[in-house]
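The next block holds one structure in the form of structure tokens; read it before the comments.
Chain naming here is simple, since letters A, B, ... match the order of the sequence lines and numbering starts at 1 in each.
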Amino acid sequence: MARADAVSLSLVGAGLAILSGCEGGASTLTNSGVSGTRETLLGAFLLIVAAAVVVVIGALVLIAAFRHREPHGVEAGIEPTRAAVDRRWILIGGILIPVAVLATAYVFTVGTLDAVASPGHPYAASVTLTGHQWWWEAVYQDSEPAHSFTAANEVHLPVGEPVYFGVQTADVIHSFWVPELAGKIELIPGRQNSLWLEARVPGVFVGLCSQYCGTQHAHMRITVVAESPDAFHGWLARQRESAPAPADSTQAAGQQVFLTRGCASCHTIRGTGAGGAMGPDLTHLASRHMLGAGAMPNTPPNLMAWIQDAQGIKPGSDMPRMDLPPRELEALVAYLETLR
Amino acid sequence: MEMQSTVSDAPTETLRRIWETPSGIYGQLATVDHKTIGKRYLVTAFLFLLIGGLEAGIMRAQLTRPGEHLVTPEVYNQLFSMHGMTMMFWYASPILSGFSNYLWPLMIGARDMAYPRVNALSYWTFLLSGIFLYTSPFLGQSPNDGWFAYAPYSLGLYNAGLNMDFYALGLIFLGISTTVGAINFIGTLINMRCPGLSMSRLPVFMYGTLSASLSIVFALPALTVACTFLFLERRFGMHFFAVEHGGSAMLWQHLFWMFGHPWVYVVVLPAMGMVSDIIPVFSRRPLVGYGFVAGSTIATGVIGFAVWIHHMFATGVPMMAMTVFSGFSFLIAIPSGIAVSAWIATIWTGRPVFKTPMLFSLGFIVVFVIGGVSGVVTAAVPYDWQVSDSYFIVAHIHYVLVGINVFAVMAALYFWLPKITGRLLSERLGRWNFWMMFVGVNIAFFPMHVAGILGMARRVYTYPAGVGLETVNLATTVGAAIFAVGILVFVVNFLWSIRRGALAGPNPWDAATLEWTTSSPPPPYNFAVIPTVGSRDPLWEGRVIGEAPSALALRSTLFSGPVLDHGRQTMTTSAIDAAQPVPQSMPADSPWPLILALAIAATCYGLLFGAWWLVGVGIAGTIVALAGWLWPTALAGTPQSDPVTVGAR
């Protein structure tokens, strides 16, 4: 079903397909998601019809303008009104054709609305996604409470299986949008909204907050990794674990820096004394693709820069500038890099 | 009964003495002349267009390249909020009010609007509310939550400065202007038409403005209520929107969009009307489907109240609501389809003359259709989930607002400024102006569709490199610059024309409606005699090709009629047929509208800064001004025996 849609889409959307070729982007046209593909199919139909309407009307305007240009300027006599001709223009061009096109679009819309309302098969996982100014908290729910765990700014999905996202906000309105997989849903105080995502192909997708939410709305991104069910279950198992103990003295020193220099008052690292809830859970920080909710790639030098000057990279965020001696900083980064 | 005269015999010196605003500062501040007020509206609104454009320019400079650091995130957020507010509220609607104020009495054979002093109040509150809003940049605390101001980010918990207080109070303040202006238009349209100017003979511009005014009267209270709630919650600890105190964040969205969607039609319907009146003049024939077009402006206004949820499809509304509101959102395209069809048919079956107003009208149709179809795309809920809150919507809203509002306004400026200034603008500069704006708008805003489809969210102060957004953003900035030069060409053309432009004469375009029977600019009394209208195109009577010229073809009596020189008098007629003419005395110039507006401004500043003494002064001033305004007096120059003499109205 989804495959057939994708095939027809790539046929009708050939003109638009050129837009989808950008590496690392977040194009709505890659058709990587099951519901997103249906939505894009509808969108492609509408955009093609829209383009046709613009072309036809543009042509009519041009022809009309040049058909009988008046050479004598505005002083010329007045063209008589022919009521029957006028009425035909309105009835055909203004009513019949628009009604036919709009009715078709509406039927297509309602059909798509129904088709994407729920996935065809059971959910592989259930995630409670909470928006914060300006990062994402993801709790993977498990019927066994001890198996539930908290991740941040990165979620994983098994390819070919739907995942349920219950979305909520800790502060203002946000919106969860993974353009390559599906349309968006707002995170609204006091409301429980939900969305399902099913990736058709493996990949690393960009998710973003699309509802303006304050100073750093531009840097509120989430990485969505779609991988084989086996890899996904391996990821789940690793994320459930607590952080490993430091393996050498540098890492141990780094952990001490984390616990004594204030980091722990905002961040949690499971398996240590760090249990802060203000900022993202860092238990598996090093396993993530990005830092600072998509502000930059997660590399050791970037991590060091982020700790030293988060305000320079993401001004207005709650992450303060950490003025650490170089040795402590290096130890801290060495420790954090073990949190895989 | 009333003294009848021809134009050449009319006592024009007496009329001039009765209607002319005395020169000097007092006269300027107290005038209720609709032409003066209209000009002030046009100039002020155009200045707001330039200010809003400057804000856009800074934003486009910031977004030219990924990772630019021209402005801080907070400044950027204030810029896009002020840009949206300025353009939507202090430019797009007031500029149309400027045209209406100036032109309506001229179009309907009247000597003023129905409520001249209310008209003055409308302008002063518009100006002072704009000054109020633009106090905020000087404090570095401009509104920073977009023109839509979603709660709870607008609440004190997340937004402690004065930013959103400026938003709430500024819009309540401006709302006074907009509301009284709308009531004035409705009252004028119903009451003030000259004999014979029945509802079926009105310019379409007036239908558009009528529909917009009715929308204002019914929709604006939702915004005023929302802003009042917001201010009470921010400053008095009341709870409307904060969920943790039992409020609802959705309440703001519903109130805002119940207002917000009709507002879109408020700023486009009169503009569509203006184009509907301009195209026939340059097509040398009456508008095709006049009744359909006039009716579709009203239908759009009505259906416009049933589509607001389409701004909220991603908020988790129930399936039923999505299905219904999607349906209405498709449906509302049909009246627009009728209008487009009528415009094209008029040009097709006419003999077009390519003057600048016509160029802008043709460009208007194309840009209108692009903005229209991209709007229809967003009526499809599942695809709206993709494009909503992305740059696709930024593209859509700009095609709609620049296309339908700005292009129509440019057409209208080239068309009616000669009436206002008495001088024609340069056609050569006009063509440059048109082409720069037409090319600029498409280079600026078409790529935004692509940016949205490529996953660029709205309201971001920067975007990452390497995700395909560089080219489209660079193009947008270049297009915006071209567009801005186009606007500058207009400014140059205007300044040149008022000194050097060719004299326009009464009717430079050989147009058909009443405003073109007066001199350019019109005298203070507009019409030396009140005309009687017998057709939709009074100045084209007897000119139709193939129609045998005869006395019967002249159905209107434009140059003889009642003089009405017992003080400021004009004619009122019945609401539908414009029959049963009754002379109506009009009020004299008055300082009270300005004093009232100043008192309201003092109240707003007092509330903003928590300066209760100033609030007291403002409220006292409001009471005094209203008392002075409403104090019963005989109207200046009105004989006491005149049965139609009324007190202050």
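Residue with the most contacts toward chain A among B/Glu244, B/Arg285, B/Met456, B/Arg351: B/Arg351 (heavy-atom pairs, distance under 4.5 Å). The most heavy-atom pairs under 4.5 Å with chain A, out of B/Val293, B/Thr349, B/Val281, B/Asn159, come from B/Thr349. Looking only at heavy-atom pairs under 4.5 Å with chain A, the residue among B/Ala457, B/Pro152, B/Gly146 that has the most is B/Pro152. When each of B/Gly327, B/Ser336, B/Ala379, B/Ser390 is checked for heavy-atom pairs under 4.5 Å with chain A, B/Gly327 comes out on top. With chain A as the partner, the residue from B/Gly316, B/Gly337, B/Pro352 showing the most heavy-atom pairs under 4.5 Å is B/Pro352. Contacts with chain A were tallied for B/Met322, B/Met358, B/Met319, B/Lys355; B/Met319 has the most, counting heavy-atom pairs under 4.5 Å.
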Next item on the list: Show the numbers, then the answer: is there a side chain to side chain contact (heavy atoms under 4.5 Å, CB included) between A/Val53 and B/Val369?
Entry: CA-CA 8 Å; A/Val53 169; B/Val369 168; 4.2 Å; yes
Next item on the list: Apply the test side chain to side chain contact (heavy atoms under 4.5 Å, CB included) to residues A/His219 and B/Thr462: give CA-CA distance (whole Å), side-chain angles for both, the deciding distance (0.1 Å), then the verdict.
Entry: CA-CA 9 Å; A/His219 289 126; B/Thr462 190; 4.0 Å; yes
Next item on the list: Show your reasoning for whether side chain to side chain contact (heavy atoms under 4.5 Å, CB included) applies to B/Val366 and A/Ile57.
Entry: CA-CA 7 Å; B/Val366 173; A/Ile57 293 199; over 6 Å; no
Note to self: As a quick check of understanding, evaluate side chain to side chain contact (heavy atoms under 4.5 Å, CB included) for A/Ile95 and B/Ile338, giving each step before the final call.
What the structure shows: CA-CA 6 Å; A/Ile95 299 177; B/Ile338 291 173; 3.8 Å; yes
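Within the 4.5 angstrom heavy-atom criterion, no atom of B/Phe368 approaches chain A. Looking at B/Val317, only its backbone comes within 4.5 Å of chain A, counting heavy atoms on both sides. Contacts between B/Tyr76 and chain A at a heavy-atom distance below 4.5 Å are absent for every atom of the residue. The part of B/Pro508 that comes within reach of chain A is its backbone (N, CA, C, O), which places non-hydrogen atoms under 4.5 angstrom from that chain. The contact between B/Phe80 and chain A is made entirely by side chain atoms (from C-beta outward), counting heavy-atom distances below 4.5 Å. Of the atoms belonging to B/Val340, it is side-chain heavy atoms, and not backbone ones, that fall under 4.5 Å from chain A. Contacts between B/Ala151 and chain A at a heavy-atom distance below 4.5 Å involve the backbone alone (N, CA, C, O).
For B/Trp385 and A/Trp177, the ring centers sit 6.0 Å or farther from each other. Aromatic pair B/Tyr153/A/His217: ring centres not closer than 6.0 Å. For B/Phe354 and A/Phe66, the ring centers are positioned less than 6.0 Å apart.
Looking at A/Ser210 and B/Arg459, their side chains never come closer than 4.5 Å, going by heavy atoms from C-beta outward. Using a 4.5 Å cut-off on side-chain heavy atoms (C-beta onward), B/Ser341 and A/Leu91 make no contact. Residues A/Ile173 and B/Gln253 are in side-chain contact: their nearest non-hydrogen atoms beyond the backbone lie under 4.5 Å apart. A/Glu79 is listed as a side-chain neighbour of B/Ile545, based on a closest heavy-atom distance under 4.5 Å. Side-chain contact between B/Tyr383 and A/Thr112: absent, with no pair of heavy atoms (C-beta onward) separated by less than 4.5 Å. Residues A/Arg87 and B/Val288 have side chains not in contact (no heavy-atom distance under 4.5 Å, counting atoms from C-beta outward). Looking at A/Asp86 and B/Phe292, their side chains never come closer than 4.5 Å, going by heavy atoms from C-beta outward. Side-chain atoms of A/Arg191 and B/Val243, non-hydrogen and from C-beta on, never get closer than 4.5 Å to each other.
Rounded to the nearest 0.5 Å, atoms CH2 (A/Trp89) and CD1 (B/Ile344) are 6.5 Å apart. Here B/Thr323 contributes atom OG1 and A/Leu113 contributes atom CG; the two are 5.0 Å apart, rounded to the nearest 0.5 Å. The distance from atom CG of A/Leu208 to atom OH of B/Tyr463, rounded to the nearest 0.5 Å, is 15.0 Å. Note: A/Ile78 CD1 to B/Arg543 CZ = 5.0 Å, rounded to the nearest 0.5 Å. Rounded to the nearest 0.5 angstrom, A/Ile185 CD1 and B/Phe313 CZ are separated by 12.5 Å. Here the CG atom belonging to B/Leu155 is positioned 12.0 Å from the CG atom belonging to A/Asp171, to the nearest 0.5 angstrom.
A donor-acceptor pair is defined here as one N or O able to donate and one able to accept, closer than 3.5 Å; such a pair exists between the side chain of A/Asn193 and the backbone of B/Thr315.
The minimum heavy-atom distance linking A/Pro179 with B/Gln386 is given by the pair O-NE2, 3.1 Å. Residues A/Thr215 and B/Pro73 share a closest heavy-atom pair of O-CB, 3.5 Å. Smallest separation of non-hydrogen atoms from B/Val377 and A/Ala50: CG2-CB, 4.4 Å. Nearest heavy atom pair, residue B/Ala380 against residue A/Leu46, reads CB-CD1, 3.2 Å.
Between B/Asp384 and A/Lys184 there is no salt bridge, since no side-chain N of the basic residue sits under 4.0 Å from a carboxylate O of the acidic one.
For A/Asn302, the CG atom sits in a packed shell: over 12 heavy atoms of surrounding residues, nucleotides or ligands are nearer than 6.0 Å. Counted within 6.0 Å of OH on A/Tyr106, heavy atoms from surrounding residues, nucleotides or ligands total more than 12; the atom is thus considered enclosed. The neighbour count for A/Arg82 CZ, taken as heavy atoms of other residues, nucleotides or ligands under 6.0 Å away, does not exceed 12. Within a 6.0 Å sphere centred on CZ of B/Phe328, other residues, nucleotides and ligands contribute 12 heavy atoms or fewer.
A donor-acceptor pair shorter than 3.5 Å can be found between the side chains of B/Asn77 and A/Tyr212. Side-chain contact annotation: B/Tyr461 with A/Gln216, donor-acceptor N/O pair under 3.5 Å present.
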